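Throughout, protein chains are lettered first and strands after them, A, B, ... in sequence-line order, and every chain is numbered starting at 1. It should be emphasised that the depicted structure is a prediction, and the values quoted were computed from it without experimental measurement.
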Number of protein chains: 2
Amino acid sequence: MAILASAREAFARSGYDGVGVREIAERAGVTAMLVNRYFGSKERLFAEVVADIMTTPIILTPETLVSAHAGDEMADALVRITTADGAPLDGFQIMWRSASSPAAAAIARREIDAHYHKTLTAALPGPHAPERAALLLAVVAGVQIMRQMIGLEALASCPPEVLTELLRPVFREFWRTDDHQPPGTRGNRRKR
Amino acid sequence: MAILASAREAFARSGYDGVGVREIAERAGVTAMLVNRYFGSKERLFAEVVADIMTTPIILTPETLVSAHAGDEMADALVRITTADGAPLDGFQIMWRSASSPAAAAIARREIDAHYHKTLTAALPGPHAPERAALLLAVVAGVQIMRQMIGLEALASCPPEVLTELLRPVFREFWRTDDHQPPGTRGNRRKR
DNA sequence: GTGCGTTGTCTACAGGTGTAGAATTATGAA
DNA sequence: TTCATAATTCTACACCTGTAGACAACGCAC
């Protein structure tokens, strides 16, 4: 379906509010009205695009999650994705760029919840797995946004290898299984 | 200035593209044209709002940064901010919600760079301080977005105390000063 | 009172938005 | 070829966007 591909590309580039139905249609070689004839409305088209994205995991491949170095592999994948701005890697990007629109945010929430968050929760060890899975997704979101949307200088110009090495310990934190003590009693390794 | 306050509230709620000049003006008790008379354009108004926000640090107070428990305090502050949706706590929110608009993203990048990122870089120990400061800001952004914009269930309904306890080790990671070894040689504490 | 600069508003424009309904064209079977 | 049916487009509507230019109300010095 050419319309779906065009919509995906357009939403990834400009977000839900930033692109019009006419533009999506034109890039697909059809008229704006055909889009509505097929999908009912712009909102339903967006939902269809997001659902389509969810069917093919990008960062969270099953192999990555069960790996013994899951945290490291996730860090590598995140850096890889945010470095090359290729076409098939725009999965999450669509949702961050559209999050400011309430309608789009609701769709994104539902789909992230049902797919990525559920999968990730099952893969994380230790207590509070759902909350920690959500935080992990938050880190992924933050890095993507700062690197690709805001374009913060220090992140945008950072060599991939350095970024990977800096991200790995952060992600490892989520797969740690030792010292889960009650709040406040755990020592931190800060320098005072 | 009533217009500035109205604009700040409106941008925080709906983002740069999501709100119109007429709405901002009406909530300030004036006409849309007066806004342009004072600020020149919507874009310049947005820049003014962002610059105004930057003058009063929200998470990164100087006391927080030099504290011996800087990481913990930052985690606490982040949870506090994303829990209560009060008026004066909308600082970053404005930028995430507006990041999909290129014009707004450019303004946000410049201001974050000049204020928050610079300050945070100076406060972080160890090598790659700029990159790690940017990553820290990315984590803050991700949590805010997932919690307040996407509204991911696991994060939205998570008790503040739990969230704080889960965030602390993540933030501590950025203030660690031990074991900065070359890439790949550092042991991770994963369970295999 | 008279002039004047500021403050604010009114009207209007050119363009964009999503989408409903009618009209048109292409397609395939008889 | 003829005709029914599906695929696609045309026209139009009602509304919203940022903003330029002309105009009116205001306080205030003289």
Axial bend angle, the helix from C:dG15-D:dC16 to C:dA30-D:dT1: five-pair end segments, nearest 10°: 30°
Who passes salt bridge (Lys or Arg N to Asp or Glu O under 4.0 Å) against A:Glu153, sequence neighbours left out? none
Sequence neighbours left out, what passes salt bridge (Lys or Arg N to Asp or Glu O under 4.0 Å) with A:Arg22? Give chain and number order. none
Is there any side-chain hydrogen bond (donor to acceptor under 3.5 Å, both in side chains) pair reaching into residues 33-43 of chain A, and which pairs are they, with sequence neighbours excluded? none
In whole angstrom, what separates B:Leu34's CG from D:dG18's C1'? 15 Å
Residue set satisfying salt bridge (Lys or Arg N to Asp or Glu O under 4.0 Å) with A:Asp76, at least two apart, ordered chain then number -> A:Arg168
Any N/O pairs under 3.5 Å between the protein and nucleotides 20-28 of chain D? List them or say none.
residue : atom : partner : partner atom : Å
D:dA22  : N6   : B:Arg37 : NH2          : 3.1

Taking side-chain contact (heavy atoms from CB on, under 4.5 Å) as the test, write out the residues that go with B:Arg110, two or more places apart. B:Ile107
For A:Ile24 and C:dG16, what is the distance between atoms CD1 and C1' respectively, to the nearest whole Å? 15 Å
Within this structure, what is the CD-to-C1' distance between A:Glu26 and D:dC10, rounded to whole angstrom? 16 Å
Take the protein atom CZ of B:Phe39 and the nucleotide atom P of C:dG8, then report the distance between them rounded to whole Å. 12 Å
Residues that A:Glu26 engages under side-chain contact (heavy atoms from CB on, under 4.5 Å), provided they are two or more places apart: none
Sub-4.0 Å heavy-atom contacts from residues 95-103 of chain A onto DNA chain D, ordered by number: none
List in chain and number order the residues that pass side-chain contact (heavy atoms from CB on, under 4.5 Å) with B:Ala154, two or more places apart in sequence or in another chain; answer none if no residue qualifies. A:His117, A:Pro130, A:Ala134
Parallel, tilted or perpendicular: ring planes of A:Phe174 versus A:Phe171, cut at 30 and 60 degrees: tilted
Of A:Val19 and B:Tyr38, whose closest DNA chain C nucleotide lies nearer the 5' terminus? B:Tyr38
Interface residues of residues 43-51 of chain A with DNA chain D (non-hydrogen, below 4.0 angstrom): none
Cationic N near anionic O, under 4.0 Å, B:Asp113 to B:Lys118: no
For residues A:Arg97 and A:Phe11, determine if any side-chain heavy atom of one lies less than 4.5 Å from a side-chain heavy atom of the other. no
Atom CD of A:Glu23 and atom P of C:dT19 are separated, to the nearest Å, by 16 Å
A:Ala104 meets the side-chain contact (heavy atoms from CB on, under 4.5 Å) criterion, sequence neighbours left out, with A:Tyr16, A:Phe46, A:Ser98, A:Ser101
Between the base of D:dG18 and the side chain of B:Arg22, is there any donor-acceptor pair under 3.5 Å? yes
Salt-bridge criterion met for A:Arg13 and A:Glu23 (N-O under 4.0 Å): yes
Modelled atom types, side-chain donor and acceptor of A:Thr82 and A:Gln144, under 3.5 Å: no
